[in-house]
Amino acid sequence: MNVALAKPTLQPEDLRERPFTSTRNACKLCAPLGASIAFRGISGCIPLIHGSQGCPTYIRRYVISHFREPIDIASSNFSEETAIFGGEDNLKKALDNLTRQYQPEAIGIASTCLSETIGDDVRLYLDRYIKAKQGLALPVLLHASTPSYRGTHAEGFHEAVRVAVEALAQGGSQTEEVNLLPGFLSPEDLRHLKDVFDDYDVPCTLLPDYSETLDGESWETYQKLSAGGTSLAAIRGMGHARATLQFGRSLMGKKTAGTYLEERFQVPLVSLDIPIGIRATDRFFAFITGCTGRKMPKRYAAERGRLVDAYIDGHKYLFGKRAILYGEADFVTSIVSFLDEIGMVPVLCATGAAPGKFRQQVTSVLENTHELPEVVEDTDFVTMLEMCQKLAPEIIIGNSKGYSLARKLGIPLVRVGFPIHDRIGGQRLLHVGYRGTQQLFDRLVNTLIEASQEASSVGYSYI
Ligand code: SF4
C-alpha cells in the first residue's frame, strides 16, 4: 500500500525556537561501550552485551572506527519476548555458545539499558548458571551493571574494572608490585605508562591493558581473541601490591577498584589527575619516586626540560587563546589544568556526565586564569553550540564528536581522547607524561599557526 507522506509542517527554524528537554547529540557515549573496552584489556576475556543486538553493533562500530582493529563483542540477543519475560535463557545460551566457540578465560557481561529497565537480575542468573554447571570448568564470569541512563562510557569502564578486581583479587604477603588504574586512555598512553614503570624498574600491574588487544600487529589468520591484556593471575595479585594509583579526580569518594583493594586488603590508594601538563606529570613521577624510593630516570628529566623549553618557544602563539573543551570529565579536567599552565583560556568546559562535581573539579585546577570558564554537565553539542555564540572561542579540543561544532563555528578542532573516527591514529595518540604533553602542545601551537595563516590575506610563511 502506498501512503502519501504529509508535508512536514515543522521547519528546522521552528525547532530552534522551541525549548527542548531532549538531548541532541549527547556529549558522552554508552556505558557498556566503556565496559567492553575495559574487558578487552583483560587477557582472554570476551565482552558479552546483555541486551538486544543493536547495542553491540553500535559499540563495535565505534570501537573499530577508532582503534582500526576488529573486536568480537557478543550479544545475548534480546527479542520482543525476552524484553517481556526476561533474559535468563538468552544469557545462558550466550554463555554456552561463547564458552564453546572461544574457550575464553573470562566473559565480561555488561548489561544494557533494556535489560536494566526490565529488571533482569543478572547476578542471580549467573549464580543459577554456575550451580547448574557444577563440576565443569567455566570461564570467570564478570558482570558490570551498566545502564547508560545512569552513567557514561567512562563510568561503564570504571565499573568493569571494579567488578574484575572484586571478583579476582586475593590477599597475601606484600609484593613490590604497584597497581595502576589509568582509566580510559589510548593504547599509546598505556604503553608509555608501562615504559615509565619499566624504566624505574618497578613491577606494575596495569588494569586494564588493551595496548595490544586493541592496537596490535597485523595477523596471518584471524584471531577470535587477540593476544595481550592484564592476566587473571596479575589481577589476583593486586590484593597484595604495595600501593594502588588511580587516575581521575571524579573517582574520589566513589566505590572503585582502588577503594575495594584498600578496604578489603589494606593496599594504600593514591588518586591523581591524569598526568597531562607539567604540574600533573610532576605529581605522577613524585608518586613513583615517593612510593619506591627510586630516582626519576634521566630520560624523563630530559623530556621535562625540553617541554619547559617548548613552553617558552610557543608561548607567544598560545597565550590568551580561548578554547572549548569537552568529553570525559577527568580527561577534560586534566586538559584544563594543562591549558592553565600554558596561558590559554578555557572558556567552555563540557561533559555529558550526570551533574556532580565537575564544576568544582575544573575550577580547582585553575591557578592562573582571570576568567572563569562556563562549565556544563549532562550536556549535548547543540547546547554547546548555543553557548559558544557569546564566548568567542578560537580553538576546540576534544574527540571527533565535536567536528560539526568546529565546522559551524569555523574554528579548528584538535582531536584528543575517544572517539577519533574521522582521522587515523587515534589509538596512537600520546596524551600523558612529559612526552604526551609535548606532543599535544606542539599540535596546539601548529593548529593555531595554521589557522592564522589561513585567515591572513597576506599569507605569511614565517610567523
Ligand atoms: S540502548 Fe543503552 S546500552 Fe544500548 S547502545 Fe544505546 S545507550 Fe548503549
Side-chain angles (χ1 to χ4, degrees), residues 20-41 45-67 70-88 90-91 94-95 98 107-123 125-126 142-163 184 208 210 214 326-329 350-356 377-383 399-402 417-419 421:
F20 278 87
T21 51
S22 60
T23 299
R24 295 157 290 169
N25 194 6
C27 186
K28 63 176 178 182
L29 301 165
C30 141
L33 181 152
S36 300
I37 288 174
F39 285 139
R40 273 319 283 123
C45 179
I46 180 153
L48 166 59
I49 304 299
H50 185 50
S52 57
Q53 280 207 1
C55 303
T57 304
Y58 149 78
I59 293 170
R60 277 192 295 266
R61 159 82 183 74
Y62 255 73
V63 172
I64 291 169
S65 68
H66 176 90
F67 293 100
I71 179 169
D72 283 16
I73 297 178
S75 163
S76 56
N77 195 15
F78 272 37
S79 62
E80 288 84 349
E81 232 174 65
T82 332
I84 295 165
F85 298 111
E88 183 169 11
N90 286 46
L91 184 63
L95 293 172
L98 278 178
I107 300 177
I109 302 148
S111 41
T112 58
C113 303
L114 175 57
S115 62
E116 293 277 348
T117 302
I118 65 169
D120 255 359
D121 189 342
V122 175
R123 192 59 262 164
Y125 298 168
L126 292 180
L142 306 169
H143 168 232
S145 167
T146 46
S148 279
Y149 47 79
R150 202 178 58 203
T152 66
H153 57 298
E155 279 144 335
F157 184 101
H158 292 303
E159 177 71 3
V161 174
R162 186 177 68 79
V163 300
F184 195 168
Y210 42 87
L214 292 179
Y326 57 84
E328 195 253 304
T351 183
E377 298 164 303
D378 196 14
T379 196
D380 59 32
F381 283 93
V382 176
T383 308
N399 56 54
S400 292
K401 278 174 72 81
F418 177 93
H421 45 216

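Order of appearance sets the numbers: ligands from 1, and atoms from 1 within every ligand. Starting from 1, each residue takes its place in the sequence as its number.
- Contact analysis leaves G51 out of contact with ligand 1, as no non-hydrogen atom separation drops below 4.0 angstrom.
- The protein non-hydrogen atom at the shortest distance from atom 4 (Fe) of ligand 1 is C55 SG, 2.3 Å.
- Distances below 4.0 Å separate heavy atoms of P32 from the following atoms of ligand 1: 3 (S).
- Counting the atoms of ligand 1 from 1 in the order shown, those under 4.0 Å from a heavy atom of C30 are 3 (S), 5 (S), 7 (S), 8 (Fe).
- Contact annotation for C113 and ligand 1: heavy atoms of both the backbone and the side chain come within less than 4.0 Å of the ligand.
- Atom 7 (S) of ligand 1 is flagged as protein-proximal [any protein heavy atom, distance under 4.0 Å].
- For atom 5 (S) of ligand 1, the nearest protein heavy atom (residue, atom name, distance) is Y58 CD2, 3.6 Å.
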Between S65 and R61, does the side chain to side chain contact (heavy atoms under 4.5 Å, CB included) criterion hold? Intermediate values first, please. CA-CA 6 Å; S65 68; R61 159 82 183 74; 3.3 Å; yes

Please report the C-alpha distance between T152 and E328 in whole Å, then the side-chain angles of each, then the deciding distance to 0.1 Å, and finally whether the side-chain hydrogen bond (donor to acceptor under 3.5 Å, both in side chains) criterion is met. CA-CA 8 Å; T152 66; E328 195 253 304; over 6 Å; no

How far apart are the C-alpha atoms of F39 and L48, what are their side-chain angles, what is the distance that settles it, and do they pass the side chain to side chain contact (heavy atoms under 4.5 Å, CB included) test? CA-CA 9 Å; F39 285 139; L48 166 59; over 6 Å; no

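- Side-chain atoms of S75 and Q53 form no donor-acceptor pair, as typed in the model, at a separation below 3.5 Å.
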Evaluate the criterion ring-ring contact (aromatic ring centres under 6.0 Å, His included) for residue pair F184 and H158; output intermediate values, then yes/no. CA-CA 8 Å; F184 195 168; H158 292 303; 9.1 Å; no

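- The distance from the CG atom of L95 to the CG atom of L98 is 7.0 Å, given to the nearest 0.5 Å.
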